Number of protein chains: 2
Amino acid sequence: MTKPATIRDVAAAAGVSIAVVSRVLNDGSGPVSAGARQRVLQAMQDLSYRPRVAARELKSGPTSTIGLLLADVTNPFFARLADSVVREARSRGVQVVLMTTQEDPRLEEEALATLASRRVSGVIATPTATNAGAWQHLGDLQTRVVFVDRYLDSVPLADVVSIDNERSAREATEHLLELGHRRIGFVSGPLSTTTGRSRTDGHLATLAAHGIEPESELLRNIPFRGDQGADAMGSLLERDDPPTAIILANTAQAVSGLRRLRQAGVKVPSELSVVVFDDNPWTELFAPALTIMRQPTELLAAHSVDLALSQQPDATAGRTLMVEAEFVVRSSTAAPTAARVPSN
Amino acid sequence: MTKPATIRDVAAAAGVSIAVVSRVLNDGSGPVSAGARQRVLQAMQDLSYRPRVAARELKSGPTSTIGLLLADVTNPFFARLADSVVREARSRGVQVVLMTTQEDPRLEEEALATLASRRVSGVIATPTATNAGAWQHLGDLQTRVVFVDRYLDSVPLADVVSIDNERSAREATEHLLELGHRRIGFVSGPLSTTTGRSRTDGHLATLAAHGIEPESELLRNIPFRGDQGADAMGSLLERDDPPTAIILANTAQAVSGLRRLRQAGVKVPSELSVVVFDDNPWTELFAPALTIMRQPTELLAAHSVDLALSQQPDATAGRTLMVEAEFVVRSSTAAPTAARVPSN
DNA sequence: TTGTAAGCGTTATCAC
DNA sequence: GTGATAACGCTTACAA
């Protein structure tokens, strides 16, 4: 009803100057007598005074806010990441502005402009496009840029936090090879993303190392969002020589892919082994429980927040932090059955 | 590298006064000659100038920012809500500050204080506790408070957007009664939440209306977060007289509850019918596909943002908006089999 | 220990 | 059309 109290109102009520109030506000910033402090505190109570962030920010430059620019909160992996980032940030008294891009370069560019005008101290992002100019501008504004999960080679000033995707793909592929699989379907994200590329590289390298001729027809690069997992799965199954195992990049791809599998009546793992690059609570619920690659979300978040908040004098080159993913073997992978072994 | 350009730098570069720059910035706010506008625009480009939100906010009071205070982003329902809210807000040029409370009253109180100091124009929240004072203070600051999904009776100034939980529970219960079930387990959220209460009320009222004596031992009020669904499920199954059907409030409860079901080797729906209050992509993947109550997230979000942004002169009493939930019958519900029909 | 006063980057109100 | 100039609420030298 009444308009918000300002620092002046508090000062008046406490019978001191605004400088004193400011000092008790920013605790260590100067001497205040016990009595004055008491009266100020009391006045703040009475007037239910709350300092305005905007005013504070105006003076003291960069704020204790970080931007979190995610491709898709609906993706459980990103949701968990968001949860962890928000928690981690909160524990350091930092706020998080969440924005989503839906994998749309235009939205991303817009979001970056807004973040720039906010003068956030750092941005944690899963980049979608090479908005090189925008990222650069952010850097010029002294905003730390941290890429998490994926990154852009064209933006060297950014820090990177991620799992070793190439190695993870290798691990998954090796697991299947050891079980005896020779034709492995690989559904990755777009090759325009580092995740898509690294995993594909790791996969192909592993095949090569085991003397297996990679068949490019077994590779599917589809968007992370959406239902294309079903089509990818379908086209893979319809081959004369269908794969005996498959690796899926994503929860969304897994859900739509598995749905197609079910429609086709394909049995897992007897007819097809399945590995998914993403863990979820329900993943165990699926029959059979899925073999998955688990990313340490908490850790990714902690490091990202760390970097986003860190001052870095020489901001021309970013740092790279790799954390370990955990491969969890459950029941969706097994040796290929004779029935599906190639006839050649 | 160089420090961010201010409005003054732009003015200098364009050879005009800051007033002119300000006018081209806020398009309609005054006359500017075409020539001047051109030069200013050019200068802004060259200096890659970005107006500072903080300064703007300082002047013009409430900002175009809303707070989104969720209990748990990890809950897919809330994640979808967040996604929709962010999208909806973006389409109106409004930013979203996301905060999570983890159902912890203390965290919630903290978050509310921060939001107050931010002078956000509105807050959309799934309240956890009766931080009545904090909510009131927010209202005093002219911040619209919108409760979504759940609400607090003790905060009358807030708007409410939600499904009709009582009716939804009724619908679910009636479905099961029609199939012939008589002993229905009901796992709800805490009775301290309106969702928990309304659904329980709806359920019990429906039983009563059908002349069925409600057994309070079939009711379980457990937290929305965490794994207590498993215990609830377990204790229900261990009864001499176990229910033939069960209603679960939540994805988290469903996941842990269903896991327990699987461990116990209970067959769905032949031995137990299951209804879940929440839809998810994987819900169809579960064998058998789950019968669910689907909340219209998009709509909830759209209305919430609407209200959060709306000016309301008489802010003493909030508005209430109910949207319709959709009950989707799939394969996890069926008539109870003779084998489990009570022997009495 | 306290108070005064000069900004911080914008917007908006005036005179010109 | 344009340009001074006074706010906005706060922090921070610097003086007292």
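Below, chain A is the first sequence line, B the second, and so on; all start at residue 1. Computed from a predicted structure; not experimentally measured. Just so it is clear, the values below take in all heavy atoms, side chains as well, and ignore hydrogens, waters and symmetry mates.
- The side-chain contact (heavy atoms from CB on, under 4.5 Å) search around A:S22 returns A:I7, A:N26, not counting sequence neighbours.
- Remark: A:A129 engages A:P105, A:E108, A:N131 in a side-chain contact (heavy atoms from CB on, under 4.5 Å) (not counting sequence neighbours).
- Contacts between residues 16-24 of chain B and DNA chain D, defined by a heavy-atom separation below 4.0 Å, involve B:V16, B:S17, B:I18, B:A19, B:V20, B:R23, listed by number.
- An angle of 40°, rounded to 10°, separates the two end axes of the helix from C:dT1-D:dA16 to C:dC16-D:dG1, each defined over five pairs.
- A:D72 meets the salt bridge (Lys or Arg N to Asp or Glu O under 4.0 Å) test with A:R225; sequence neighbours excluded.
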Polar atom pairs (N or O), protein with nucleotides 7-9 of chain D, under 3.5 Å:
from  : atom 1 : to    : atom 2 : distance (Å)
D:dA7 : N3     : B:K59 : NZ     : 2.9
D:dG9 : N2     : A:A55 : O      : 3.4

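- Remark: A:S48 pairs with B:H137 by the side-chain contact (heavy atoms from CB on, under 4.5 Å) rule, at least two apart or across chains.
- The list of side chain to side chain donor-acceptor pair (under 3.5 Å) pairs with a residue in residues 77-91 of chain B, not counting sequence neighbours, reads A:E110-B:R90, B:R80-B:D278, B:D83-B:R87, B:R87-B:E298, B:E88-B:R92.
- Side-chain N/O atoms of B:S117 and A:R56 include no donor and acceptor closer than 3.5 Å.
- Applying the side-chain contact (heavy atoms from CB on, under 4.5 Å) rule to A:S33 yields the partners A:A36; only residues at least two apart in sequence or on another chain are considered.
- Residues B:L25 and A:R37 both approach DNA chain C. Their nearest nucleotides, taken by heavy-atom distance, put A:R37 toward the 5′ side.
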- prompt: Can you list the steps and then say if B:S310 with B:R319 is a side-chain hydrogen bond (donor to acceptor under 3.5 Å, both in side chains)?
  reply: CA-CA 11 Å; B:S310 73; B:R319 297 149 286 185; 3.0 Å; yes
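- A:R106 and A:T101 share no side-chain donor-acceptor pair at under 3.5 Å.
- In summary, the side chains of B:T65 and A:R118 do present a donor paired with an acceptor at a separation below 3.5 Å, with no hydrogens or angles considered.
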Side chains of residues 10-20 of chain A: which donor-acceptor partners sit under 3.5 Å, not counting sequence neighbours?
from  : atom 1 : to    : atom 2 : distance (Å)
A:S17 : OG     : A:A19 : N      : 3.3

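- Boundaries of the chain A contact region on DNA chain C are C:dT1 to C:dG9, first to last in 5' to 3' order (nucleotide atom under 4.0 Å from a heavy atom).
- Remark: B:F147 pairs with B:W135 by the ring pair (Phe, Tyr, Trp, His ring centres under 6.0 Å) rule, at least two apart or across chains.
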